Amino acid sequence: MADSLGAFEQAVLLSIVRLADEAYGRAILKEVQARLERDVAAGAVHATLERLQNKGLITSRLGSGTPVRGGRARRFYRLQPAGLRALNDARAAVDSLWRGLKWPLRGLQYDHDARSFA
Amino acid sequence: MTTTPGPSPSPDRRPESVRPPRWAEALLGLLLPSDHAETVSGDLLEEYRETVVPSRGRRRADAWFVRQVAGFAWRATWLPLMIGLAIGTGLGILNLVETARSPLADDDAGAMLLWVVALLGVWSVAACVATWRSERFVDAVKAGTIVGVMTIFAFHVASIVRVNMFLDLIRHRGDWQNLVARFNGSGFRSLRTYANYEYVKGTPMAIALGAIAGSISGAIGGVMSVVARSARKLPDSGP
């Protein structure tokens with residue numbers, strides 16, 4: 001199994017998956033903020049993108065700028081096969097951890113007959 | 001029924017006309033690697049203009065922009081900052097302990113030279129390590145400069161503490177007689193006040209020297225890093 005992804009790394013990678021061809025820096029920042037329902041520092045997103053690129057999980061290319069950006073180029077990101085495997089592995093790991101438990105957890109009463117938590 | 005489009009916003013109210021603080025934009029440009037400076041600053045500018053200014057107003061948007069730049073600054077500098085603080089604080093504590101043991105012993109020129117050479121070596125290694133992943137020579141110089149500045153700053157603060165703790169003893173040292181003579185002709189009433197004044201006045205120069213020495217050490221560290229990486233990439237010679 002690949003090195004496990006942190007929660008924030010997963011959030012960034014899944015944002016790239018959702019945004020597809022529109023996955024550039026600012027769009028990824030807004031998508032992560034919307035999904036996590038909290039403000040996120042731009043530096044945190046860019047540091048994570050750089051780390052994911054160094055790990056070979058994503059690649060990037062330069063795209064055109066827009067007037068609102070002062071004409072500055074955008075950097076678009078794309079998931080690589082290694083990134084896809086890492087996301088699938090992360091989801092499989094979480095599923096394995098939760099197997100036998102019902103979400104959301106309410107209490108810690110164990111039903112011995114059903115062999116599960118109520 | 002035809003509708004007439006509304007008037008376009010006046011030039012100074014279009015999103016593209018609003019700018020964050022220029023000094024913050026300039027600082028961001030210094031902090032970011034050259035291949036990311038344009039795209040990252042463009043992302044921040046787009047968010048600032050399209051989301052933050054309309055929702056928070058100009059002043060709070062400027063504060064938001066400065067906070068974002070501070071975040072980038074921290075990420076770019078925290079490691080050399082911490083290394084420099086640790087080295088300077090450690091040396092400062094050593095100096096305090098040595099003064100407590102032998103308050104009247106003058107500084108030994110040979111020992112001080114050894115310390116300086118060792119310090120420059122440590123700064124070079126720190127710069128080499130800090131930029132091993134980025135592989136950018138300019139990052140090594142930046143890292144060395146920050147390590148140098150923070151080391152000297154922390155050591156200088158510790159020296160001021162040392163002077164205040166041991167003034168009554170160290171004023172009788174041979175290497176303090178020049179300062180005592182200057183105090184006698186200065187018009188200050190208290191040697192403690194004068195000594196603190198001298199040390200505080202000397203702080204900018206000390207930090208500037210730390211920055212220069214640190215940047216030179218950083219350059220050496222950058223060269224070390226390039227040589228080490230080239231050596232790793234050399235092909236093995238055949239039998």
Side-chain angles (χ1 to χ4, degrees), chain A residues 3 6 8-9 11-13 15-16 18-78, chain B residues 8-9 11 13-20 22 24-29 31-56 60-61 63-79 131-136 139:
Chain A
D3 287 344
F8 196 76
E9 289 177 324
V12 169
L13 283 174
S15 297
I16 294 172
R18 286 201 168 88
L19 290 166
D21 289 342
E22 289 303 311
Y24 71 99
R26 186 229 174 179
I28 294 169
L29 169 68
K30 292 192 76 62
E31 178 68 20
V32 168
Q33 285 184 153
R35 293 288 165 178
L36 295 180
E37 295 177 351
R38 61 176 172 88
D39 277 341
V40 168
V45 171
H46 285 99
T48 302
L49 286 167
E50 194 174 342
R51 191 166 59 247
L52 292 171
Q53 190 159 358
N54 289 339
K55 287 184 185 178
L57 305 185
I58 57 176
T59 53
S60 70
R61 61 171 177 85
L62 286 179
S64 59
T66 57
V68 75
R69 296 168 66 90
R72 293 169 209 183
R74 289 176 289 178
R75 184 172 289 278
F76 290 85
Y77 294 87
R78 194 172 172 174
Chain B
S8 4
R13 299 203 59 178
R14 283 199 306 260
E16 300 89 86
S17 66
V18 180
R19 291 205 69 154
R22 286 184 191 263
E25 281 194 294
L27 178 59
L28 186 66
L31 292 166
L32 294 168
S34 54
D35 51 349
H36 284 273
E38 182 185 346
T39 56
V40 173
S41 65
D43 287 339
L44 276 184
L45 186 61
E46 185 180 338
E47 179 69 1
Y48 172 84
R49 284 173 168 171
E50 285 201 336
T51 303
V52 186
V53 169
S55 62
R56 302 189 196 193
R60 287 175 65 191
W64 171 89
F65 193 90
V66 169
R67 278 201 307 277
Q68 298 301 313
V69 172
F72 279 100
W74 175 246
R75 281 177 183 82
T77 61
W78 75 271
L79 184 59
T131 55
W132 186 260
R133 269 198 302 182
S134 75
E135 299 189 12
R136 282 185 283 256
D139 285 351

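These values consider heavy atoms only, across backbone and side chains, with no hydrogens, waters or symmetry-generated copies. Because the structure is predicted, anything quoted here is derived from the model rather than measured. Each chain gets a letter, A, B and so on, in the order the sequences are listed, and its residues count up from 1.
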Please determine, among Gly25(A), Ala73(A), Gly63(A), Ala41(A), the option with the most heavy-atom pairs under 4.5 Å with chain B. Ala73(A)
One should read off an interatomic distance between Glu50(B) CD and Thr66(A) OG1, to the nearest 0.5 angstrom, of 7.0 Å
Other residues, nucleotides and ligands only: do more than 12 of their heavy atoms fall within 6.0 Å of CZ on Arg56(B)? yes
The interface call for Glu47(B) against chain A, heavy-atom contacts under 4.5 Å, is both
Minimum heavy-atom separation for Thr39(B) and Arg74(A), please, with both atom names. CG2-C, 4.0 Å
Which heavy atom of Ser41(B) sits nearest a heavy atom of Arg72(A), and at what distance? OG-NH1, 3.1 Å
Which portion of Ala42(A) sits near chain B, non-hydrogen atoms under 4.5 angstrom: both
Ala27(A) versus chain B, the contacting section by heavy-atom distance below 4.5 Å: neither
Does His46(A) form a side chain to side chain contact (heavy atoms under 4.5 Å, CB included) with Leu32(B)? I'd like the steps, not just the answer. CA-CA 11 Å; His46(A) 285 99; Leu32(B) 294 168; over 6 Å; no
In short, Arg49(B) meets Pro67(A) closest at the heavy-atom pair NH1-O, 3.8 Å
Take a 6.0 Å sphere around CZ of Arg22(B) and say whether it holds more than 12 heavy atoms from other residues, nucleotides or ligands. no
If every non-hydrogen atom of Gly71(A) is compared with every non-hydrogen atom of Glu38(B), which pair is closest and at what distance? O-OE2, 4.2 Å
Using 4.0 Å as the upper bound for N to carboxylate O, is an ion pair formed by Asp43(B) and Arg69(A)? yes
Is the backbone N or O of Leu45(B) less than 3.5 Å from a side-chain atom of Arg26(A), with the two atoms forming a donor-acceptor pair by type? no
